[in-house]
Amino acid sequence: MPLDAIALGAVTNELNNALEDAKIEKIHQPERDEILLYLKNSGGNAKLAISANSANPRIHLVHEVKENPASPPMFCMLLRKHLTCGRIKSVSRVGFDRIADIEIECRNELGDRVLRHIICEIMGRNSNIIFTDGDGRIIDSIKHIDITVSSVRNILPGLKYMLPPNGDKINPENAAEDDFYRLLKNAPEGREAARAVSDGVMGISPLLAAECIYEACGDGNLTVGELHENDILKAALRLSRLFERAKKGKFSPCVLVRDDGSPADFAPFCISQYGERMKCIPAKSMNEAAESFWSLRDRRARMHDRSLSVTKIINNNIKRAEKKIDIFQRELKESANRDKYKIYGELITANLYKIQKGDTALTAENYYEENSPSVEIPLDSTKTPPQNAARYFNKYKKAKNTEINAKEQLNIAVEELAYLESVLYSVQNAATPSELAEIREELVKSGYIRREQGKKKQKTPPLGKPMEFEYNGYKIYVGKNNVQNDFLTMKTGRARDLWLHTKNIPGSHTLIKFSGEDFPPDVIETAAKLAAYYSKGKNAPYVEVDYCPVSHVKKPNGAKAGMVIYEGYNTALVAPDEHLAAELRK
């Protein structure tokens, strides 16, 4: 659900209590539309994230932090200039809207105490972070809105901050049960009841509106026309009680979780409309519920955006490699009959006396086959008999050379395709910007991505650590990309360590460290399940995994990152196990 006014009220209530008189120690801007405040007060340290991202706008406390850019953006530097060492006086919701106001006491250039405000508008694509002085004049904003963007309200330095228009929506702060009744009663019959509520009442999301309809009628997806008079009365009562609970601060935050364990939504009250399709997991606070949901969703969205250009380059090269493979396979098929041209040349040479210049064909006995059947050989009437023989010998030679070249190029194209598919797998599973940077640098070194002209060569990002697991005293390592795979196998691995990799499909190199004794079967099986899960076959019921000592693994000269050959291996058939990976991850 979006962070509606009810949820925002719960968040700001918690923030106001937790951040009273908190000192702003650091300010970062990890994304172009997001800031992070590092705070400290008597309750300890805290980190407050504020995002104006159009897909994931929010404000809440966080534990995990994103990597900070080397050069801070201008908005970040402005906030640092004014707010560093300032203290938070209050955090509140503005009216009954999706706007949070952080009031900060700090000192100006003359050393006088002044008030500043960070206003967070949580409004989808219109979200913004606005920095104002104590009189409400805009100092700057993370997004500038001028007349070309909006003719209703401009957000520019020097202008007076104005609240966004709310139209004629019902304000729950001074609304009664009858107001909600009339809203539903007068809505068009074909309109979804939940949508009519969320569009007609300030600060309520479609999720909570649907929950009220569900509690009243047993179905949150009904249209207004499907509601009976009694249903409308019940729904109006439910809405009135919902807002009354919100006014009193009686929240019961929760996270909605899918069957696979991933968070699907969050809410300030328990949600029951999904039945058994989703679990409603209580959260200790609204901030905790928001972080558990938004952090995962935001991380996936950001990584998807960052990886789009790399993915496009890889897919384009995969298509080229597949096209090459198709061409070389056709060339091999065509050159498979090259011996026919040699035979034609030999038969023409043996029957020169039968051929006259201008003949278009030669019928001769093919003594290269059993019983010497007759064969008709096409001739070029403009050429002499010896020239026709030479023409077929040349076609034979050309086809033979084509086969040699096609076999060589086919092997190169197949290897390239395998490499690109392994890189694509790594991109799809990259969890952090640094992991994506490693993959991008790998593609630069491999020649698939050009460095920007005129731009200084950036320092190679430090190599990330592979995933580490432990099972029955054995350490198991899994690489996250080809560069890590190479380092893990060729540098970290020792001769008696056990190396594992999925058979014939892209996946991570997996390593079991030797501990002085032979590897027990259950340890090998566990590592094989991890190798299967961290591969392109993770969703298959069973996957073949090859394993052998590291001493049996070699890297050919000139091979791309992650590409190795191995011998003397065994193969295990295992089921990829996501839960095992989660349990053993350190």
Between [X] and [Y], does any side-chain N to carboxylate O distance fall below 4.0 Å?
X	Y	value
Glu34	Lys66	yes
Glu291	Arg58	no
Glu105	Arg87	no

Under 3.5 Å, is there a donor-acceptor pair between the [X] and [Y] side chains?
X	Y	result
Asn482	Ser422	yes
Thr223	Glu189	no
Asn53	Ser51	no
Asn481	Ser426	no

Tell me, do [X] and [Y] make a side-chain contact under 4.5 Å, heavy atoms counted?
X	Y	answer
Ile129	Ile119	no
Ile145	Leu156	no
Val257	Val255	yes
Asp21	Asn41	no

Inset, instruction - Under the salt bridge (Lys or Arg N to Asp or Glu O under 4.0 Å) rule, what do Arg306 and Glu31 come out as? Steps first, then yes or no, please. - result: CA-CA 12 Å; Arg306 289 172 184 262; Glu31 305 284 353; 3.2 Å; yes
Legend entry - Arg98 side-chain N/O to Leu3 backbone N/O, donor-acceptor pair under 3.5 Å: no
Legend entry - Residue pairs fulfilling side-chain hydrogen bond (donor to acceptor under 3.5 Å, both in side chains) with at least one residue in residues 192-202, sequence neighbours excluded: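 Matches after skipping sequence neighbours: Arg191-Asp199.
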Legend entry - Pairs meeting criterion side-chain hydrogen bond (donor to acceptor under 3.5 Å, both in side chains) with involvement of residues 114-134, two or more places apart: Asp101-His117, Glu121-Arg153, Glu121-Tyr161
Inset, instruction - Check the pair Glu211, Tyr274 against side chain to side chain donor-acceptor pair (under 3.5 Å), reporting the backbone distance first and the verdict last. - result: CA-CA 9 Å; Glu211 183 66 17; Tyr274 295 109; over 6 Å; no
Inset, instruction - May I ask you to decide if the ring planes of Phe131 and His82 are parallel, tilted or perpendicular, using 30° and 60° as cut-offs? - result: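 Phe131 and His82: perpendicular rings.
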Legend entry - Geometric class of the Phe243/Phe96 ring pair [parallel <30°, tilted 30-60°, perpendicular >60°]: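 Because their plane-to-plane angle is over 60°, the rings of Phe96 and Phe243 count as perpendicular.
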Is [X] atom [atom1] crowded by more than 12 heavy atoms from other residues, nucleotides or ligands, each under 6.0 Å away?
X	atom1	value
Glu421	CD	yes
Lys247	NZ	yes
Arg107	CZ	yes
Lys81	NZ	no

Inset, instruction - Apply salt bridge (Lys or Arg N to Asp or Glu O under 4.0 Å) to Asp33 and list each qualifying residue two or more places apart in sequence or on a separate chain. - result: Arg302
Inset, instruction - Under the side chain to side chain donor-acceptor pair (under 3.5 Å) rule, what do Asp146 and Thr148 come out as? Steps first, then yes or no, please. - result: CA-CA 5 Å; Asp146 59 19; Thr148 63; 2.4 Å; yes
Inset, instruction - Starting at NZ of Lys185, measure out to CD1 of Ile232 and round the result to the nearest 0.5 Å. - result: 5.0 Å
